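Note that the structure is predicted; figures quoted are calculated from it, not measured.
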Amino acid sequence: MRAWRRGTREMDLLLGSFADRYLDEVPEPELDDFEALLCEEDHDILLWITRRAACPERFRGLVSDIRIAAAARARAGD
């Protein structure tokens with residue numbers, strides 16, 4: 001729910017879509033990282049996803065997965 005209620009439509013789509021599609025498949029440590037990511041500011045997360053700012057080490061793998069999922073959705077026309 002928190003992934004879909006971010007405050008900006010862009011982050012709702014990026015994080016909510018990722019959560020719906022992939023969170024059932026990720027291991028527990030990555031779920032913890034996703035929960036921690038949701039506590040970060042939308043502006044910062046967007047900068048990390050778009051590579052306009054350095055992503056903290058803890059979130060690098062997760063942000064990369066979100067970026068890949070978003071690119072796949074864009075290619076599929078979702």
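- In the hydrophobic clustering, where aliphatic and aromatic side chains (Ile, Leu, Val, Met, Phe, Trp, Tyr) are joined below 4.5 Å either directly or transitively, Y22 groups with M11, L14, L15, F18, L23, V26, L31, F34, L37, L38, I45, L46, W48, I49, F59, L62, V63, I66.
- For residues 16-26, the salt bridge (Lys or Arg N to Asp or Glu O under 4.0 Å) pairs, not counting sequence neighbours, are R21-E25.
- Note that the OG1 atom of T50 and the CZ atom of R52 stand 4.5 Å from one another [nearest 0.5 Å].
- Grouped by direct or indirect side-chain proximity (heavy atoms under 4.5 Å, Ile/Leu/Val/Met/Phe/Trp/Tyr only), I68 sits alone.
- Checked against salt bridge (Lys or Arg N to Asp or Glu O under 4.0 Å), D42 has the following partners two or more places apart in sequence or in another chain: R6.
- Residue pairs satisfying the side chain to side chain donor-acceptor pair (under 3.5 Å) criterion with at least one member in residues 60-72, sequence neighbours excluded, are listed as follows: E57-R60.
- In terms of the side-chain hydrogen bond (donor to acceptor under 3.5 Å, both in side chains) criterion, D44 has no residue partners (sequence neighbours excluded).
- By the salt bridge (Lys or Arg N to Asp or Glu O under 4.0 Å) test, E28 pairs with no residue at all, sequence neighbours left out.
- Around CD of E40, the count of heavy atoms belonging to other residues, nucleotides or ligands within 6.0 Å exceeds 12.
- Applying the salt bridge (Lys or Arg N to Asp or Glu O under 4.0 Å) test to E35 and every residue at least two apart in sequence or in another chain returns R2.
- P29 pairs by the side-chain contact (heavy atoms from CB on, under 4.5 Å) definition with P27, not counting sequence neighbours.
- Taking every heavy atom of both residues into account, D33 and R58 meet most closely at OD1-NE, 2.8 Å.
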